[in-house]
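A quick write-up on the structure given underneath.
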Amino acid sequence: MKELLREIIARTFEQCRIEGLLRSELPPDFTVELPRSRQHGDLATNIAMVLAKQEQRPPREIAEMFAGKLSQADPCILKVEIAGPGFINCFIDACAWHDVLERIEAQADRYGSSDSGQGRKVMVEFVSANPTGPLHIGHGRGAAVGDAFARVLAFAGYDVTREYYINDVGNQMNNLGRATRLRYLELHGCKGAFPEDLYRGDYIYDVARLVSAQHGDRFVHEREESCLPFFTRFASDTILQGIKDDLRDFGVEFDSWFSERTLFERGEVQKALDDFRAEGLVYEQDGALWFAASRFGDEKDRVVVKEDGKTTYFASDIAYHRDKLRRGFAGMIDIWGADHHGYIPRLRSFLRALGVADEAFSVILIQMVNLLRAGVPVAMSTRSGEFVTLREVMDEVGRDAARFSFLTRRSDAQLDFDLDVAKKQSDENPVYYVQYAHARICSILRVAEEKGLAAPVFADIDAGLLTAPEEADLLKQLSGFPALVSGSARAREPHRIAVYLMELVGQFHSYYTKHRVITDDERLSRTRMHLITCIRTVLRNGLAVLGVGAPDRM
RNA sequence: GCGCCUGUAGCUCAGUUGGAUAGAGCAACGGACUUCUAAUCCGUAGGCCGGGGGUUCGAAUCCCUCCAGGCGCGCCA
């Protein structure tokens with residue numbers, strides 16, 4: 001409907017130009033929106049105010065003239081009013097909104113999808129936590145946002161691949177191996193000093209016990225140098241498997257798991273550096289090899305090969321993102337913890353050096369999660385092993401509640417996550433507010449079926465019976481869903497879906513208490529049943545995009 | 001010192017990419033279940049949108065500046 005009015009306005013505009021009433025071009029930035037207040041009509045446009053400057057006339061004067069033309073432009077425009085500084089408020093024939101019911105019925109679980117992504121191939125890379133320990137609550141937030149965002153993109157017509165980048169080489173890996181070996185020796189009665197900088201979490205004992213169970217004491221007398229690769233590999237494989245299990249149970253699926261180690265095995269890191277050398281993008285200084293990042297917007301140049309001959313993390317990331325490009329991704333969206341934000345200019349500088357457009361690469365930063373219990377902060381420290389894992393949060397508050405809490409907030413704002421609040425099955429918890437509406441609709445339809453009222457189809461209903469203002473509002477809200485999804489994709493803000501759903505169910509619950517769906521009037525009943533069925537479809541689609549369940553009863 | 005993020009009701013947060021009288025939920029108070037699920041609804045109260053300048057028809061939103069909190073600023077990952 002919005003789009004339709006835009007077209008009518010554009011048409012009217014041309015008419016005015018032909019008649020010499022307007023001189024300027026059609027401004028591209030005029031808007032058509034749903035006003036907050038019903039007094040302001042069904043749709044409003046600001047075109048007169050936008051035009052005021054170009055035309056050098058007062059906005060209200062333009063509005064008077066334009067509104068007169070607009071009111072004649074299309075039969076579905078019943079009335080046009082001018083208000084405030086120059087808004088043109090349009091009152092639209094109610095039947096103009098009815099076809100949304102037909103569209104929802106026809107598209108069903110595809111309603112809300114669009115081709116605004118035009119099949120562009122994009123990668124969402126997220127979580128990508130080092131396999132040195134279990135996922136914690138912060139990773140959970142990144143997982144929920146990344147997963148939901150990937151679904152939003154897919155729904156909005158992008159060709160999406162979700163990938164987890166595994167940092168399985170480097171110093172941290174060595175530390176993991178050493179820690180595991182020491183715990184293993186400890187289990188076999190050889191307790192030695194345990195360095196401060198190694199991983200102290202209890203999960204290391206779990207890994208060590210697994211080594212013992214599978215290999216007995218065969219490593220007890222072996223020197224560290226010879227068995228360290230084994231311990232490192234064993235521990236990271238075991239922990240990665242745990243991460244995969246956690247993510248699966250959290251409802252997060254990946255299309256691929258990309259190992260940093262394979263970049264080295266295939267010589268990709270070396271190849272990238274050789275190419276840079278050939279193009280004069282790197283130089284040697286102080287015994288190290290530097291990438292000329294400052295030539296591409298970073299604040300200084302960056303080391304890619306250290307004095308000791310080892311490559312840096314940045315070098316791997318260069319090879320990794322080159323690989324993404326080679327795989328044909330027109331869009332790369334990386335989801336990082338906000339503490340890595342300083343790294344963005346570095347990566348962007350390298351992409352610019354390759355001639356990649358800035359729009360092709362973007363980062364969604366996930367801010368910190370402050371974990372609370374009954375309002376009191378819970379101490380978190382990865383190294384000491386004192387942290388609350390994602391698994392524990394899932395077990396305690398439930399998957400849906402946890403995901404929804406993460407997805408109702410913008411990801412670039414810090415988040416207080418109170419375990420006691422999140423676990424309450426009450427009105428303090430918005431996830432149940434939304435799910436309850438879905439269950440309630442299912443319940444109504446069950447009762448209707450018991451009374452012999454079959455599920456209605458659009459052809460059999462009389463949408464003209466939907467005369468209540470609450471019904472008109474619901475139809476408008478439902479019709480805005482596809483634009484919301486594509487807007488959410490474009491703005492990279494998956495939380496908009498959750499906010500929208502809360503608004504929708506607020507309207508529904510309110511409607512429910514004021515109007516009965518099942519009445520003595522069978523035609524009316526069928527019509528309202530169709531309306532709530534459509535609401536249910538949108539709830540299902542919206543919740544599916546968020547990866548949150550839609551229970552039939554609660 | 002420099003950079004990024006945040007600052008909106010007592011608390012947790014939205015605010016449709018500059019629009020009309022700034023909205024929800026919780027907490028507080030008062031109401032609504034013989035009728036499709038009360039995990040719900042209706043009402044009351046609660047605000048110099050951190051402060052100050054600017055841009056314009058119009059600013060919570062954009063620019064500058066200051067204040068407060070968080071996070072970064074490695075030949076760590």
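Here is the naming used below: chain letters follow the sequence lines, and residue numbers restart at 1 for every chain. Every value quoted in this text rests on a predicted model; they were computed, and no experiment measured them. Heavy-atom basis, side chains included; hydrogens, waters and symmetry copies ignored.
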Would you compute the distance between atom CD of A:Glu260 and atom CG of A:Asp317 and round it to the nearest 0.5 angstrom? 8.0 Å
Near RNA chain B, counting only heavy atoms under 4.0 Å, which residues of residues 471-488 of chain A show up? none
Expected output: side-chain A:Tyr158 to main-chain A:Val152 donor-acceptor under 3.5 Å: no
Residues A:Ser259 and A:Asp168: side-chain donor-acceptor under 3.5 angstrom: yes
In whole Å, measure the gap between the C1' atoms of B:U35 and B:U40 for me. 16 Å
A:Arg409 side, atom CZ; A:His495 side, atom NE2 - distance, nearest 0.5 Å: 11.0 Å
Please classify the nucleic acid contact of A:His40 as base, sugar-phosphate, or nothing, using heavy-atom distances under 4.0 Å. base
Nearest-Å distance once atom C1' is located in both B:U65 and B:G25: 35 Å
C1' atom, B:U61 versus B:G15: distance in rounded Å? 9 Å
When the P atoms of B:G7 and B:A60 are considered, how many whole Å apart are they? 14 Å
Would you kindly check if the NZ (Lys) or CZ (Arg) of A:Arg440 is within the cone defined by 45 degrees around the ring axis of A:Tyr512 and under 6.0 Å from the six-membered ring centre? yes
Going through the checks in order, is the side chain to side chain contact (heavy atoms under 4.5 Å, CB included) test met by A:Ser128 and A:Ile166? CA-CA 6 Å; A:Ser128 300; A:Ile166 309 163; over 6 Å; no
Does a side chain donor of either A:Gln435 or A:Asp400 reach within less than 3.5 Å of an acceptor in the other side chain? yes
Does the plane of the ring in A:Tyr433 sit parallel, tilted or perpendicular to the ring in A:His509? Use 30° and 60° as the thresholds. tilted
The residue, A:Gly84 or A:Cys442, whose nearest nucleotide of RNA chain B is more 5′ is A:Gly84
Could you work out which one of B:A38, B:A14, B:A20 sits closest to the side chain of A:Arg409? B:A14
Using the benzene-type ring in the case of Trp, are the ring centres of A:Phe291 and A:Phe276 under 6.0 Å apart? yes
For nucleotides B:A68 and B:C33, find the distance between their C1' atoms and express it as a whole number of Å. 48 Å
Report the stems of RNA chain B as range-with-range entries sorted by first number; a stem here is at least three consecutive pairs, Watson-Crick or G-U wobble, both distances under 3.5 Å, and write none if there are none. B:1-7 with B:67-73, B:10-13 with B:23-26, B:28-32 with B:40-44, B:50-54 with B:62-66
Distance check, rounded to the nearest 0.5 Å: A:Gln507 atom CD versus A:Leu475 atom CG? 10.0 Å
Distances for protein N/O vs nucleotides 15-19 of chain B N/O pairs under 3.5 angstrom?
| residue | atom | partner | partner atom | Å |
| --- | --- | --- | --- | --- |
| B:G15 | OP1 | A:His495 | NE2 | 2.8 |
| B:G19 | N7 | A:Asn46 | ND2 | 3.3 |

Each nucleotide in nucleotides 71-77 of chain B should get exactly one letter: B, S or -. Can you fill that in based on protein heavy atoms under 4.0 Å? BSSSBSB
Looking across every strand, which nucleic acid part, if any, lies under 4.0 Å from A:Asp168 by heavy atom: base, sugar-phosphate, or nothing? nothing
If you measure from the P atom in B:C13 to the same atom in B:G58, how many Å do you get, rounded? 34 Å
Using a cut-off of under 3.5 Å, enumerate the N/O to N/O pairs linking the protein to nucleotides 33-36 of chain B.
| residue | atom | partner | partner atom | Å |
| --- | --- | --- | --- | --- |
| B:U35 | O2' | A:Arg516 | NH2 | 3.3 |
| B:C36 | O4' | A:Arg516 | NH2 | 3.4 |
| B:C36 | O2 | A:Ile518 | N | 3.1 |
| B:C36 | N3 | A:Val517 | N | 2.9 |
| B:C36 | N4 | A:Tyr512 | O | 3.0 |
| B:C36 | N4 | A:His515 | O | 2.7 |

Please work out whether the ring planes of A:His321 and A:Phe350 are parallel, tilted or perpendicular, with thresholds of 30° and 60°. perpendicular
Shorter than 3.5 Å, N or O on both sides, protein versus nucleotides 29-32 of chain B: list them out with atom names.
none

Rounding to an integer number of angstrom, what distance separates B:C5 and B:A24 when you compare their P atoms? 30 Å
Suppose you measure atom P in B:G18 against the same atom in B:C62; what distance do you get, rounded to whole Å? 8 Å
With no hydrogens and no angle check, do the side chains of A:Ser488 and A:Glu493 hold a donor and an acceptor under 3.5 Å apart? no
Would you kindly check if the NZ (Lys) or CZ (Arg) of A:Arg540 is within the cone defined by 45 degrees around the ring axis of A:Tyr111 and under 6.0 Å from the six-membered ring centre? no
